[in-house]
Amino acid sequence: MKNKLVEILNKNIPSLDKQTIDDLIEVPLNSSMGDYAFPCFKLAKELKKSPVVIAKEIAEKIGTVDFIEKTECVNAYINFFVNKEQFVKQTIVPMIQQGEKYGIDKSKSKGNIIIDFSSPNIAKPFHIGHLRSTVIGNSLYRIFEALGYNCISINHLGDWGTQFGKLIVAYKNYSSKEAVEQKGIQELLRIYVMFHEEAEKDSTLEQQARDYFTKMEQGDEEALELWKWFKQISLKEFEYVYNLLDVEFDSFNGEAFYNDKMAPVIKELEDKNLIKVSDGAKIVELENMPPCLITKRDGSTLYATRDITAAKYRKQTYDFKKCIYVTALQQNLHFKQWFEVIKKMGYEWYKDLVHVPFGMVSIEAEDKSKPAQAIATRKGNVILLQDLLNQAIQKTKEIIEEKNPNLEDKDTVAMQVGIGAIIFDDMYNTIIKDIEFSWSKALNFDGETGPYVQYTHARACSVLRKSNIEEYDISLIDFDLITDEASITLVKQIGNFKSAINDAANKYEPSIIARYAVNVAQAFNKFYHDNAILVDDQKLKYARLSLVYCTTNILKNTLYLLGIGAPIKM
RNA sequence: GUACCCAUAGCUCAGCUGGAUAGAGCAACGCCCUUCUAAGGCGUGGGUCCGGGGUUCGAAUCCCUGUGGGUACGCCA
């Protein structure tokens with residue numbers, strides 16, 4: 001409908017092209033100012049007339065058009081009031097025709113996009129700090145897939161480095177096979193912390209750890225066996241969390257995977273004359289930035305070396321359209337640096353490397369007047385993700401017992417809602433913002449929250465269920481029965497679904513989907529409150545139900561895009 | 001010291017590539033369940049959009065600058 005308006009305006013304002021007109025058209029917040037509005041300020045200069053006069057002239061030229069009921073000039077704005085029936089029909093018809101698939105293109109025809117996210121360190125517990133990357137990455141995966149891309153999720157595990165030397169030494173000194181098998185990561189963490197405590201007293205420990213890591217790099221069987229074992233134990237525990245969160249990875253190729261692939265890349269950098277030696281380390285000098293370190297004095301590799309190598313490998317393997325890295329903002333410089341190195345190597349695809357940074361998570365101090373505490377695994381100042389999720393599930397169970405004790409399959413619903421609340425909360429704000437974790441806020445399910453959206457969806461499902469209508473026949477819907485303010489607002493909102501997805505993708509910002517979901521839910525709840533749906537008047541009932549049906553699909557899909565389940569009862 | 005990020009209601013935040021009276025939620029207070037799920041809806045109060053310049057017909061939005069907070073700056077990741 002907007003397109004048609006653009007056509008008409010374009011005919012009457014030849015000096016502006018369609019794109020410009022399209023950009024200028026606004027949707028007023030208040031419907032008393034029309035459904036679309038065109039501001040004439042920009043035309044004032046070239047026409048050398050007051051914008052108010054221009055607005056009037058254009059409005060007169062346009063005259064009457066079939067789908068526009070009324071045109072009104074307010075100051076320099078031309079406000080268009082569209083024909084409600086046509087507007088509703090054009091919005092709703094494709095949604096009914098495409099059902100659940102509306103707005104979701106699963107063709108995977110637009111090429112490959114890699115999303116590198118979650119990437120926890122092996123042998124350390126999964127805490128709320130890891131949640132953000134996981135949840136944001138997963139959502140971006142689903143968003144880009146909905147736009148027709150083939151997404152590849154890569155968990156770039158932190159599974160290589162001196163820390164594993166430390167772990168081996170710690171294991172040998174302070175633990176046993178039985179203890180690790182029984183207690184898993186908890187035991188690994190315990191001995192890792194112990195190692196650092198002991199290392200302060202015994203300075204030879206650090207050297208022993210480095211030696212063990214060197215052994216690993218040289219392929220020492222005993223060391224590698226232990227490393228593999230630690231990795232396995234960690235992965236098993238991570239799997240548990242990923243299952244709860246409903247996150248899947250196409251690849252777990254972490255840092256260790258690139259161990260034997262870095263030498264050729266270093267050679268390439270040397271061949272291209274990009275390497276300089278500084279204090280024994282190999283570096284690439286950059287403009288307006290500190291240099292990028294490629295190898296240490298002792299010749300061993302660094303973070304950037306592995307990222308550059310991984311990027312090259314991924315380009316060769318997947319020929320990606322984009323490679324997206326979801327990591328904390330603190331790593332900004334690191335990514336800027338090595339992206340620049342890729343550029344200097346002459347690869348045009350450096351443009352397709354995207355860092356999606358997010359803000360820090362800290363933990364609210366018990367005494368709220370004091371500053372929040374940074375997460376510190378070694379100091380024990382952590383909130384384990386498992387604990388958080390379990391608390392959320394528990395809280396949800398209590399609410400269900402109170403509000404809907406006869407609900408069937410309470411456990412499944414409690415899981416979907418409890419976890420949904422946590423996921424939603426993490427992505428409701430612009431991801432760059434820091435989060436100060438607070439139990440009371442995380443477990444609040446009122447207002448703009450995941451459960452609110454889920455609840456709205458369940459409510460809508462309930463109405464559909466009671467209607468006993470399975471399919472909607474467009475030819476039987478009287479669109480002119482949808483006229484009230486609340487209904488029209490709802491139609492406008494659900495009509496924004498596709499642009500919300502595009503917007504979220506362009507900005508790498510899942511919060512746009514989350515906010516959109518709340519907007520739709522609010523519009524639906526208002527509609528639900530104002531309009532009885534299951535009424536005796538069959539025509540009216542059918543028309544309103546068609547709206548409920550579309551809303552249900554939209555809500556379900558917004559939740560899906562965020563990685564959240566949509567229970568049909570709660 | 002240099003670079004990057006942030007600053008909007010008591011709190012947490014929206015505000016699209018500048019546009020018509022700056023919006024939600026939480027918290028507070030009041031109202032609405034004999035009607036389709038009250039995890040809901042409605043209402044009230046609450047704002048020098050950090051300060052100062054500039055660009056513009058028009059700035060919370062763009063530019064410059066100052067302040068406050070955060071983060072990062074060669075052998076960790």
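So you know, we letter chains A, B, ... as the sequences are listed, proteins then strands, and number each from 1. Quick note: numbers below take in every heavy atom, side chains included, and nothing from hydrogens, waters or symmetry partners.
Taking the P atoms as reference points, B:rG74 lies 25 Å from B:rG66, given to the whole Å. Taking atom C1' in both B:rA72 and B:rG15, the straight-line distance is 30 Å, to the nearest Å. For the P atoms, the distance from B:rC75 to B:rC16 is 41 Å, rounded to whole Å.
Picking from B:rA77, B:rA20, B:rC75 the nucleotide with the shortest atom distance to the side chain of A:M33 gives B:rA20. Which of B:rU21, B:rA77, B:rG25 sits closest to the side chain of A:Q522 comes down to B:rG25. Distances were taken from every side-chain heavy atom of A:L333 (C-beta onward) to each of B:rC76, B:rC6, B:rC73; the shortest belongs to B:rC73.
Counting non-hydrogen atoms under 4.0 angstrom, A:I283 reaches a base of the nucleic acid. Residue contacts for A:A76: at a heavy-atom cut-off of 4.0 Å it reaches no nucleic acid atom on any strand shown. Within 4.0 Å (heavy atoms only), A:L293 reaches at least one base atom of the nucleic acid. As judged by a 4.0 angstrom heavy-atom cut-off over every strand, A:Q163 is placed among residues making no nucleic acid contact. Contact annotation for A:D298: no contact, since no heavy-atom pair falls under 4.0 Å across all strands. A:D503 comes within 4.0 angstrom of no nucleic acid atom, judged by non-hydrogen atoms across all strands. Using a 4.0 Å heavy-atom cutoff across all strands shown, A:P290 reaches sugar-phosphate atoms only and no base atom. A:N79 comes within 4.0 angstrom of a nucleotide base, judged by non-hydrogen atoms across all strands.
Of all nucleotides present, only B:rG43 satisfies the Watson-Crick or G-U wobble test against B:rC29, with each distance under 3.5 Å. With a cut-off of 3.5 Å on both pairing distances, the Watson-Crick or G-U wobble partner of B:rG68 is B:rC6. With a 3.5 Å ceiling on both atom-pair distances, the Watson-Crick or G-U wobble partner of B:rG23 is B:rC13. Pair assignment for B:rU34 gives none, since no Watson-Crick or G-U wobble pairing has each distance under 3.5 Å. Base pairing annotation: B:rC73 forms a Watson-Crick or G-U wobble pair with B:rG1, both donor-acceptor distances under 3.5 Å.
Aromatic ring centroids of A:Y212 and A:F164 lie 6.0 Å or more apart.
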Extract from the structure each pairing of a protein N or O with an N or O of nucleotides 54-64 of chain B at less than 3.5 Å, listing the distance.
none

Pick out the pairs of N or O atoms, protein on one side and nucleotides 1-4 of chain B on the other, that lie under 3.5 Å.
from  : atom 1 : to     : atom 2 : distance (Å)
B:rC4 : O2'    : A:N332 : ND2    : 3.2

Please tabulate the protein-to-nucleotide N/O contacts below 3.5 Å involving nucleotides 33-39 of chain B, giving atom names and distances.
from   : atom 1 : to     : atom 2 : distance (Å)
B:rC36 : O3'    : A:K466 : NZ     : 3.0
B:rC36 : O2     : A:I533 : N      : 3.3
B:rC36 : O2     : A:L534 : N      : 3.0
B:rC36 : N3     : A:I533 : N      : 3.0
B:rC36 : N4     : A:Y528 : O      : 2.6
B:rC36 : N4     : A:N531 : O      : 2.6
B:rU37 : OP1    : A:S462 : OG     : 2.5
B:rU37 : OP2    : A:S462 : OG     : 3.3
B:rU37 : OP2    : A:K466 : NZ     : 2.6
B:rU37 : O2'    : A:Y455 : OH     : 2.2
B:rU37 : O2'    : A:R459 : NE     : 3.3
B:rU37 : N3     : A:M570 : O      : 3.0
B:rU37 : O4     : A:M570 : N      : 3.0
B:rA38 : OP2    : A:R459 : NE     : 3.3
B:rA38 : OP2    : A:R459 : NH2    : 2.4
B:rA39 : OP2    : A:K403 : NZ     : 2.7

Worksheet item: Would A:F80 and A:F38 count as a ring-ring contact (aromatic ring centres under 6.0 Å, His included) if you check the C-alpha gap in whole Å, the side-chain angles of each, and the deciding distance to 0.1 Å?
Response: CA-CA 8 Å; A:F80 298 96; A:F38 186 78; 7.6 Å; no

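In this structure, A:I432 and A:R306 both approach RNA chain B, and ranking their closest nucleotides by distance from the 5' end singles out A:I432. Residues A:S278 and A:G161 each lie close to RNA chain B; by heavy-atom proximity, the contact nearer the 5' end of the strand is made by A:S278.
A donor-acceptor contact closer than 3.5 angstrom is absent between the side chains of A:Y325 and A:Q331.
In this model, the phosphate group of B:rG74 is not approached by any side-chain N or O of A:R297 to a distance below 4.0 Å at OP1 or OP2.
Spacing between atom CD of A:E509 and atom C1' of B:rU17 amounts to 16 Å, rounded to whole angstrom units. Straight-line distance from the CD atom of A:E485 to the C1' atom of B:rG41: 16 Å, rounded to whole Å. Between A:D434 atom CG and B:rG69 atom P the separation is 15 Å, expressed in whole Å.
Annotated as anti: B:rG10, whose glycosidic dihedral deviates from 0 by more than 90°.
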